[in-house]
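Computed from heavy atoms alone, side chains included, the values below leave out hydrogens, waters and symmetry copies. A quick note: this is a predicted structure, and the numbers were derived from the prediction, not measured.
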Amino acid sequence: MSQTPDSAVRTYIEQHRAAFLDDLAAWLRIPSVSAQPEHAPDVRHSADWLAAKLSDTGFPTAEVWQTPGAPAVFAEWPSGDPEAPTVLVYGHHDVQPAAREDGWDSDPFEPVVRDDRLYARGAADDKGQVFFHTLGVRAHLAATGRTAPAVNLKLLIEGEEESGSPHFRALVEQHAGRLAADAVIVSDTGMWSEDTPTVCTGMRGLAECEIRLYGPGQDIHSGSFGGAVPNPATAAARLVAALHDEHARVAIPGFYDGIVELTDRERELFAELPFDEERWLRTAKSSALHGEAGYSTLERIWARPTAEVNGMGGGYQGPGSKTIIPATAMVKLSFRLVAGQDPDHIEKAVRAWAAEQVPAGIRHEIDFGSATRPCLTPLDHPALQSVARAMGRAFQEPVRFTREGGSGPAADLQEVLGAPVLFLGISVPSDGWHAPNEKVELDLLLKGVETSAYLWGDLARNWRTAP
């Protein structure tokens with residue numbers, strides 16, 4: 001009996017599973033920690049290794065692109081079909097720092113399989129999720145008899161994501177012509193759970209700042225001067241207290257300007273997810289829910305903007321007492337942004353708000369770091385539907401939709417290239433990103449391979465004909 005296309009894909013994956021995992025383990029052994037200067041040669045080695053492996057996979061073009069920091073990898077495999085859409089896959093090959101003494105049960109850079117789970121730094125974030133595309137495209141070719149992918153396939157694998165992507169946008173702008181695509185697939189994300197496959201439709205953006213407040217020219221005696229001069233620590237506390245109103249809405253004028261509101265359908269889909277608030281609270285190490293009135297917990301962390309106090313300081317911090325009015329105080333704030341919010345507008349709004357809050361006699365300075373823009377793909381976008389169908393075929397389960405509360409460089413790709421961003425990831429919360437004993441579930445990793453194998457044909461069939 002002849003094989004169906006799906007069974008042909010699964011057979012190919014099973015036949016090549018061992019070699020695929022051996023190759024992945026070899027890559028995971030390279031400690032490509034971008035945040036630690038002593039590992040700069042390892043990050044370069046990681047890029048070189050991946051470029052060589054992509055060439056072995058069949059990509060006619062596989063290059064290492066230098067940046068002022070760590071190198072990225074670019075690969076391209078044209079379809080040969082002039083009508084084929086062009087798809088760019090994004091991921092990263094750098095990893096978080098890791099050491100055995102951090103609490104690992106084994107060497108974080110010596111991969112080990114236990115209970116059908118692969119443990120190593122980068123197993124899920126993000127080498128495993130990048131690497132499944134190498135076997136996926138080969139399974140796609142084997143099942144279809146093609147000699148090139150059904151889409152014009154490009155990869156951009158960054159080397160500084162774990163260090164904040166400081167040179168990424170400039171890299172994308174420099175190579176925008178070669179990176180041009182109809183859609184971007186980000187494989188640096190996850191699913192709801194092992195038994196609930198999901199596709200992420202967006203990520204929040206991020207803006208952050210430090211506000212420094214200056215009062216007296218030095219610490220002064222609180223008995224001699226207290227109650228008669230302004231106290232910068234008190235000003236900092238009042239600033240923080242003014243950040244939200246009684247409904248936990250951000251009270252900065254203009255903060256909500258232009259945001260894309262949740263649709264009724266999105267709220268329905270979020271509500272369908274098997275969300276256990278008590279379990280979530282335990283994971284958050286917290287005892288009560290809190291947030292903007294009128295929204296569920298998932299809506300708050302995925303689709304609503306936030307303002308958070310990340311740190312406060314000022315005055316005497318040592319044991320006992322020191323009765324002073326401190327000379328300085330500081331507050332660190334971060335703002336998670338949703339679709340429709342502009343980081344430049346947020347910065348201007350925060351600066352104007354802080355100037356209104358700080359009393360006479362207190363001088364203040366505000367420094368903003370580099371911002372990350374939010375990104376969102378509508379539920380009815382044809383490329384998103386292709387991702388959902390491909391994942392549904394692989395998992396043989398209905399696919400649901402989520403968003404991501406965190407932030408990443410995907411929005412730079414969306415903005416510079418003018419292409420929608422889709423998220424394809426198979427990692428689950430228990431994988432322990434950035435934590436000791438990071439792992440990836442091998443059955444889910446291979447489902448990622450299978451999803452990748454189906455996706456290129458689905459996009460080619462449906463992209464041009466979609467309404």
Side-chain angles (χ1 to χ4, degrees), residues 35 97 163-164 166 204-257 281 284-293 300-301 304-337 341-372 406-407:
S163 297
R204 292 193 293 189
L206 176 64
E208 49 192 339
C209 70
E210 178 175 320
I211 305 175
R212 294 179 297 278
L213 302 117
Y214 302 92
Q218 64 180 34
D219 293 351
I220 57 177
H221 193 283
S222 65
S224 299
F225 302 101
V229 297
N231 185 319
T234 302
R238 292 186 180 279
L239 192 73
V240 167
L243 193 57
H244 298 89
D245 67 16
E246 67 273 20
H247 303 295
R249 281 178 61 87
V250 180
I252 298 171
F255 184 79
Y256 291 92
D257 290 352
L281 274 173
K285 309 298 182 186
S286 301
S287 58
L289 295 171
H290 175 76
E292 185 181 0
R300 290 168 180 166
I301 61 176
R304 297 300 295 169
T306 65
E308 295 294 344
V309 180
N310 305 129
M312 294 181 66
Y316 179 64
Q317 306 289 325
S321 65
K322 185 179 182 184
T323 54
I324 60 167
I325 295 171
T328 65
M330 72 84 183
V331 177
K332 291 180 180 287
L333 303 176
S334 65
F335 306 91
R336 297 288 176 171
L337 311 179
Q341 287 183 299
D342 176 17
D344 292 337
H345 173 76
I346 295 301
E347 178 176 343
K348 291 176 183 176
V350 171
R351 288 184 181 277
W353 167 79
E356 289 288 328
Q357 300 299 318
V358 175
I362 298 291
R363 181 174 63 87
H364 75 284
E365 297 175 351
I366 304 180
D367 286 334
F368 274 81
S370 58
T372 301
S407 307

TODO: Ignoring hydrogens and angles, tell me if any N or O in the side chain of H221 forms a donor-acceptor pair with the backbone of G223 under 3.5 Å.
DONE: yes

Open item on the list: Applying side chain to side chain contact (heavy atoms under 4.5 Å, CB included) to D219 and Y316, what does each step give before you reach the verdict?
Closed with: CA-CA 9 Å; D219 293 351; Y316 179 64; over 6 Å; no

TODO: Just do the side chain to side chain contact (heavy atoms under 4.5 Å, CB included) check on L206 and F335 with the steps written out, would you?
DONE: CA-CA 6 Å; L206 176 64; F335 306 91; 6.0 Å; no

Open item on the list: L337 and side-chain contact (heavy atoms from CB on, under 4.5 Å): which single residue from D342, I346, T306 fits?
Closed with: I346

Open item on the list: Checking the side chain of H244 only, and the main-chain atoms of A307 only, is there a donor and an acceptor separated by less than 3.5 Å?
Closed with: yes

- [ ] For the pair R204 (side chain) and R304 (backbone), establish whether a donor and an acceptor sit closer than 3.5 Å, ignoring hydrogens and angles.
- [x] yes

Open item on the list: Checking the side chain of Y214 only, and the main-chain atoms of G361 only, is there a donor and an acceptor separated by less than 3.5 Å?
Closed with: no

Task: 4.5 Å side-chain heavy-atom contact, F255 and R249 - done: no

Open item on the list: Measuring from atom CD1 of I362 to atom OG1 of T328, what distance do you get when rounded to the nearest 0.5 angstrom?
Closed with: 10.0 Å

Task: Carboxylate-amine/guanidinium proximity below 4.0 Å for E292 and R300 - done: no

- [ ] Check whether any side-chain N or O of H364 sits under 3.5 Å from a backbone N or O of M330 as a donor-acceptor pair, and report yes or no.
- [x] no

Open item on the list: If you compare all heavy atoms of Y256 against all heavy atoms of Q341, which two are closest, and at what distance to 0.1 Å?
Closed with: CA-NE2, 4.5 Å

Task: S286 side-chain N/O to A284 backbone N/O, donor-acceptor pair under 3.5 Å - done: yes

Which donor-acceptor pairs under 3.5 Å do side chains of residues 317-325 form with protein atoms, sequence neighbours excluded?
| from | atom 1 | to | atom 2 | distance (Å) |
| --- | --- | --- | --- | --- |
| Q317 | NE2 | G314 | O | 3.0 |

Open item on the list: Run the side chain to side chain contact (heavy atoms under 4.5 Å, CB included) test on E365 and I211 for me, step by step, so that the C-alpha distance in whole Å, both residues' side-chain angles and the decisive distance to 0.1 Å come before the verdict.
Closed with: CA-CA 6 Å; E365 297 175 351; I211 305 175; over 6 Å; no

Task: Check against side chain to side chain contact (heavy atoms under 4.5 Å, CB included), L289 and L281 - done: CA-CA 8 Å; L289 295 171; L281 274 173; 3.9 Å; yes

